[in-house]
Amino acid sequence: HRDLHSFPTRRSSDLRNKVEHFGAVDSLLAVQASVSKMVSFLVDFVEEAFEQESLEEEESLIADVRSMLGNCDAVVKQRWKEIQDQVDKQYSSIECPTCQQKALSADGGTVKCLFCNYAADSKSAADEYVSNILGFHSRYATEKDGDDWPLTTCPDCGSETFVTQVPGPYDTHNSYCFNCGQEYQAGELETCYDCGELYDPGEEKGHHICTDCFRARVNKDD
C-alpha cells in the first residue's frame with residue numbers, strides 16, 4: 001500500500017507547478033474548491049483502498065485529519081454536496097464525536113460517519129460522544145455533583161449505549177442508542193418507579209412502571 005504521508009495528488013501538483021513556473025495564481029475560491037474536492041476524495045479513497053490493518057501506524061494521523069475536517073468551510077460544503085443524499089436516507093443521524101458533523105448513524109452495533117468515515121463499535125462511539133460532544137469525562141464526578149450520567153440502558157435493545165442528553169431544539173434533550181440507532185424525542189420516555197430504567201410508555205403515559213415490572217407485580221400478587 002502507498003504511504004499516506006507521500007500520497008500524490010495530480011491537482012495539487014498542477015497548482016504548485018503553475019505558481020512556481022508560470023507565476024499563475026488561481027483565485028482563492030478556486031483553490032479552495034480544488035483542495036476541498038481533493039480532500040473529500042482522499043477521505044473516501046483511504047476508506048475504500050486500504051485495509052484497516054495496514055493503517056495502524058497511520059491511525060493517529062487519520063484521526064487528526066478527521067477531527068479537522070469540520071473546521072474548513074470549503075471542505076464542509078463540498079463534502080456535504082457529496083454525502084447529503086446518503087445522510088438523508090439514514091433512519092436518523094447524530095453528531096460525530098470526531099468531526100462533529102451530523103452525519104453519524106448506528107445500525108446493528110456498527111457506527112459510521114458518512115462525513116469523515118469515522119467508524120467504531122457502539123460502546124466506544126457512545127463513550128466518545130459523551131466525552132467529546134457532551135463534555136462529560138467522569139461518571140463518579142458527575143454523579144457526585146448530583147447530575148445524571150448521560151449513558152444508560154437502551155429500552156429497545158438493552159445495550160448500555162443509550163445517550164440521554166443529545167441536544168434537541170429549544171434546549172431540550174433527545175435520546176439516541178449507538179447500538180440499534182433508535183432515537184427518542186424529549187418527553188417520549190418515562191422512568192420506571194420500580195427498576196429506575198427508562199422505557200417507552202406508548203399510549204399508557206403517566207403510569208411510571210415498565211411492562212416487565214408490571215408483569216412482575218402481577219405474578220407476585222398471583
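Since this is a predicted model, take the numbers as computed values, not measurements.
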Open item on the list: Run Phe214 and Asp194 through side-chain contact (heavy atoms from CB on, under 4.5 Å) and show every step you take.
Closed with: CA-CA 9 Å; Phe214 177 78; Asp194 281 15; over 6 Å; no
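The neighbour count for Asp171 CG, taken as heavy atoms of other residues, nucleotides or ligands under 6.0 Å away, does not exceed 12.
Using a distance-only test at 3.5 Å, with no hydrogens or angles considered, a donor-acceptor pair links the side chain of Asn132 to the main chain of Pro97. Using modelled atom types, one side-chain atom of Thr172 and one backbone atom of Pro169 make a donor-acceptor pair closer than 3.5 Å. Checked by atom type and distance alone, the side chain of Asp200 never pairs as donor or acceptor with a backbone atom of Leu189 at under 3.5 Å. Here the side chain of Tyr199 pairs a donor or acceptor atom with the backbone of His208 at under 3.5 angstrom. Judged purely by atom type and a 3.5 angstrom limit, Tyr193 has no side-chain atom pairing as donor or acceptor with the backbone of Cys210. No donor-acceptor pair closer than 3.5 Å links the side chain of Asp145 to the backbone N or O of Asp147. The backbone N or O of Gln185 sits less than 3.5 Å from a side-chain atom of Glu188, completing a donor-acceptor pair. Between the side chain of Arg217 and the backbone N or O of Asp212, no donor-acceptor pair lies under 3.5 Å. Panel note: side chain Asp148, backbone Pro150; no donor-acceptor pair is recorded below 3.5 Å.
Applying the ring-ring contact (aromatic ring centres under 6.0 Å, His included) rule to His207 yields no partners; only residues at least two apart in sequence or on another chain are considered.
No side-chain donor from either of Asp127 and Ser124 sits under 3.5 Å from a side-chain acceptor of the other. Between the side chains of Gln90 and Ser93, at least one donor-acceptor pair of N or O atoms lies under 3.5 Å.
The two residues Cys180 and Asp156 have their closest heavy-atom pair at SG-CB, 4.3 Å. Considering every non-hydrogen atom in both Ser105 and Ser92, the closest pair reads OG-O, 3.3 Å. Shown here for Pro167 and Tyr129, the closest heavy-atom pair between the two residues is CD-OH, 3.4 Å. Residues Thr142 and Phe136 come closest through the heavy atom pair OG1-CD2, 3.6 Å. Scanning both residues, Tyr91 and Gln182, for their nearest heavy atoms gives OH-NE2, 3.7 Å. What you find for Glu160 and Lys123 is that their closest heavy atoms are O-CD, 3.9 Å.
Between the CG atom of Leu104 and the CD1 atom of Ile94 there is a distance of 7.0 Å, given to the nearest 0.5 Å. Rounded to the nearest 0.5 angstrom, Phe178 CZ and Glu128 CD are separated by 9.5 Å. From Asn179, atom CG reaches atom OG1 of Thr153 across 11.5 Å, with rounding to the nearest 0.5 Å. Remark: Cys154 SG to Phe162 CZ distance equals 5.5 Å, nearest 0.5 Å. Gln165 CD to Ser175 OG: the interatomic distance, rounded to the nearest 0.5 Å, is 9.0 Å. A distance of 13.0 Å separates NZ of Lys102 from SG of Cys113, quoted to the nearest 0.5 Å.
The pair Lys112-Asp107 does not count as a salt bridge, with every side-chain nitrogen at least 4.0 angstrom from each carboxylate oxygen. Ion pairing between a basic and an acidic side chain is recognised when a charged N comes within 4.0 Å of a carboxylate O; Asp85 and Lys89 show no such pairing.
The hydrophobic cluster containing Phe115 also contains Val87, counting ILVMFWY residues as joined when their side-chain heavy atoms lie under 4.5 angstrom apart, directly or transitively. Hydrophobic clustering, with ILVMFWY side chains joined whenever heavy atoms are under 4.5 angstrom apart, groups Ile133 together with Tyr118.
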